[in-house]
Amino acid sequence: MCGIIGYSGPLEAGSILLGGLSQLEYRGYDSAGIAYFDTSSKVHVVKKTGKVARLKETVEVMKASSHCGMGHTRWATHGGVSDENAHPHRAGRVTLIHNGIIENYHSLTQEFHLESQLISQTDSEVAAWVLESFYSGDPKEAIRKLAERMDGAYGFCIMFDDHPGEIYAIRNVSPLVAAYTPSGALIASDLTALIPYTKRYFVVPEQHIVKLTGYKISVFDLDGARVMPEMLEINWNMDAAMKNGFPHFMLKEIHEQPEAMKNTILPRMTKGLPDFTDDGIPDQLFEDCREIHMIACGTAMHAGMVAKALMEPVLRIPVTVSIASEFRYEDPLVDEGTLVIIISQSGETIDTLAALGLAKSYGAKTLAIVNVKGSTIARESDYVLYTHAGPEIAVASTKAYSVQLAALYMISCRMSLVRGKFTREQAEAFLTGLLDAIPAMETMIERQLEEKHLAAHLIQQHDTFFIGRGLDYAFSLEGALKLKEISYIHADAYAAGELKHGTIALISQDVPVIAIATQEHVFAKMISNVREVKARGAFVILLTKEHVQIDEGLADIHIKIPHLDDRFTVFPIAVILQLIAYYASVGKNLDVDQPRNLAKSVTVE
Ligand code: F6R
């Protein structure tokens, strides 16, 4: 949440900051602002509610020249959406931007007698004033004292009036990455803002102070000693962070799924079997555990639900899926015998991170499935399996979900093999089945006809229901979430047999019911459930494999996926569900990539 960028160097800071904010806008888009030193070293702040484009108009009118500054795009937490609450915040000689939440801001306000000074309702402005009160000309010393007093998550970038050309930063939990590049020194809340300038970067170590000047970046620990951070390589290119002719990032990312699947699966295949040697994940991890516990949020949690339905029947050990925000405050039943699988695209979701910490404290072994290299969750887990989806910019997750599933399917296969639940031949056949799902996804991406037609119907309704059984139920959870978040149509997913225990009361004339029926062993049951809703007037959209015979009039729209083994139908089904949500959002003329109230990385509770 909240995008941060800081720059010091020979180029025009304004265009670098505004360009960076556009790249980071998916992190938050309630308001945006920049602060910069002008050519006579005076600090200026420009901030506005609304999107970065609105800020750009104002900044361009000002035609300011600068070589050092910082910018922020906000996702409101403390305080509503207003110009005052937008960042940067000024406090005496201090200018500060913040990503995160300061939990003790209220007591600090009282302790430092800030009530009459504060212009905004934000916790961030409190941090700025506390810093100002510690400041007596030595930025590092003041920041060190600030860090001692802050409870909560923060990534701060700071300018001091009497230190022109310099940006300081510190982080706790909230991410910051930085790089010294031929264009100057840059710091940002995520890599997408650095990609245009460099391939080499470092993750700012927690509780370390970073100083950017036009010619170097230095990192210090809180005792003031210089630290050399570990340099990492970005394996994305600029194209990956651009729309490349697609009207929206979401559509582009839906199209990228087959490639992302190959990138995630193929490097981990040896002689037709899954192989995690290069990831440093030993078979013993899979052999020793007595149970599996998956922890994640939102779409990533739905990937876990699919994996549970896939794994439990084969492995014959308990597989539990927990919502991270619940798990972190529980007294969970995990111990040394539990393999905890943490799933997160960003690797920074605060609840998932806290859940990881709790699981570790109970002695569980932790394996993270993460897309963003070097992210906090990736670094703090015992083992990490990176998915290779490339940057996901649209707020609604698509390709990250597919590759999370691909990774989980591979883990399931390896685990079944090493625990003697699969013969070598069965494991090979499983992996072949997984690979066969890729052309099936391609087919669904190319077709897209029914989804457009269907979306036209959906957008006229207030509710939509998704039903399925077994694996199909697990897929439908994600379909409902996708539709809700970008089309704002209420959607709910139900195990098809559960509908008649209450929810069927909501089915009336023309209410859309998206029925997923790809699982052979419950197919007949599913069709009975479809008949029940049809009998009550529902508008039925039926998703099945091709070559399936259904009675005339049972479905209003029948979408068929290529024939696949039941275990792999999620992949083409996911494409259909994503496209349905996408076209519903487009049909309602909504902001597909940046839906209201949401942000890409949820780094606050
Ligand atoms: C929905 C979506 C979210 C995320 C969730 C977890 O489309 O993207 O539900 O899946 O916020 O995020 P990560 O995977 O970054 O931990």
Side-chain angles (χ1 to χ4, degrees), residues 1 26-28 75 153 173-175 189-192 248-251 253-254 257 260 294-307 321-328 341-357 366 368-381 384-387 389-408 475 477-488 491 493 574-575 577-582 584-585 590-605:
M1 318 217 117
Y26 68 107
R27 296 181 65 92
W75 188 84
V173 184
S174 303
S189 47
D190 92 49
L191 284 178
T192 45
H248 299 101
F249 278 111
M250 183 178 177
L251 191 60
E253 289 162 6
I254 290 172
Q257 291 181 104
M294 315 230 182
I295 310 173
C297 299
T299 292
M301 191 270 292
H302 292 159
M305 294 290 284
V306 174
V321 182
S322 283
I323 297 170
S325 56
E326 290 294 312
F327 180 92
R328 65 177 291 189
I341 302 184
I342 298 281
I343 314 164
S344 176
Q345 187 283 131
S346 60
E348 348 163 325
T349 302
I350 196 87
D351 286 321
T352 312
L353 180 61
L356 165 67
T366 55
I369 297 176
V370 171
N371 195 42
V372 177
K373 215 171 158 186
S375 55
T376 316
I377 290 174
R379 283 180 291 112
E380 300 210 345
S381 301
V384 59
L385 205 161
Y386 282 114
T387 53
E392 192 177 62
I393 308 289
V395 164
S397 189
T398 53
K399 60 178 180 173
Y401 173 70
S402 299
V403 293
Q404 282 162 355
L405 288 172
L408 287 162
F475 314 163
L477 293 166
E478 177 56 8
L481 175 62
K482 241 17 12 136
L483 187 65
K484 277 185 275 210
E485 68 178 324
I486 59 168
S487 77
Y488 315 153
V575 171
L577 300 180
Q578 292 159 359
L579 286 168
I580 290 173
Y582 173 77
S585 181
L590 298 173
D591 192 337
V592 176
D593 286 335
Q594 296 177 348
R596 71 181 176 211
N597 303 342
L598 296 175
K600 185 69 184 165
S601 313
V602 185
T603 51
V604 294
E605 277 192 59

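Both counts, for ligands and for their atoms, begin at 1 and track the order of listing.
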Sub-3.5 Å pairs, protein N or O with ligand 1 N or O:
{"residue": "ligand 1", "atom": "7 (O)", "partner": "T299", "partner atom": "OG1", "Å": "3.3"}
{"residue": "ligand 1", "atom": "7 (O)", "partner": "S397", "partner atom": "N", "Å": "2.8"}
{"residue": "ligand 1", "atom": "7 (O)", "partner": "K482", "partner atom": "NZ", "Å": "2.8"}
{"residue": "ligand 1", "atom": "7 (O)", "partner": "E485", "partner atom": "OE1", "Å": "3.2"}
{"residue": "ligand 1", "atom": "7 (O)", "partner": "E485", "partner atom": "OE2", "Å": "2.5"}
{"residue": "ligand 1", "atom": "8 (O)", "partner": "V395", "partner atom": "O", "Å": "3.4"}
{"residue": "ligand 1", "atom": "9 (O)", "partner": "T299", "partner atom": "N", "Å": "3.1"}
{"residue": "ligand 1", "atom": "10 (O)", "partner": "T299", "partner atom": "N", "Å": "3.1"}
{"residue": "ligand 1", "atom": "12 (O)", "partner": "T349", "partner atom": "OG1", "Å": "3.4"}
{"residue": "ligand 1", "atom": "14 (O)", "partner": "Q345", "partner atom": "N", "Å": "2.6"}
{"residue": "ligand 1", "atom": "15 (O)", "partner": "S346", "partner atom": "N", "Å": "2.8"}
{"residue": "ligand 1", "atom": "15 (O)", "partner": "S346", "partner atom": "OG", "Å": "2.6"}
{"residue": "ligand 1", "atom": "15 (O)", "partner": "T349", "partner atom": "OG1", "Å": "3.4"}
{"residue": "ligand 1", "atom": "16 (O)", "partner": "S344", "partner atom": "OG", "Å": "2.6"}
{"residue": "ligand 1", "atom": "16 (O)", "partner": "T349", "partner atom": "OG1", "Å": "2.5"}

ask   = side-chain hydrogen bond (donor to acceptor under 3.5 Å, both in side chains) with S397: which of E253, Q345, E392?
value =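 Of the listed options, the one satisfying the test is E392.
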request  = Ignoring hydrogens and angles, state whether a donor on the side chain of S402 or Q257 is under 3.5 Å from an acceptor on the partner side chain.
outcome  =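 Indeed, the side chains of S402 and Q257 share at least one donor-acceptor pair under 3.5 Å.
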inquiry  = Quick one about T299 and E478 (side-chain donor to acceptor, distance below 3.5 Å, no hydrogens or angles considered), yes or no?
reply    =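 Yes.
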ask   = Checking D351 side chain against R328 main chain: does a donor-acceptor pair fall under 3.5 Å?
value =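 No.
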query = Is S585 reaching over with its side chain to a backbone N or O of I486, donor-acceptor style, under 3.5 angstrom?
reply =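 Indeed, once roles are kept as given, a pair shorter than 3.5 Å links the two residues.
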message = Salt bridge check, D190 against R27: does any charged N sit closer than 4.0 Å to a carboxylate O?
response =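 Between D190 and R27 there is a salt bridge, with a charged N closer than 4.0 Å to a carboxylate O.
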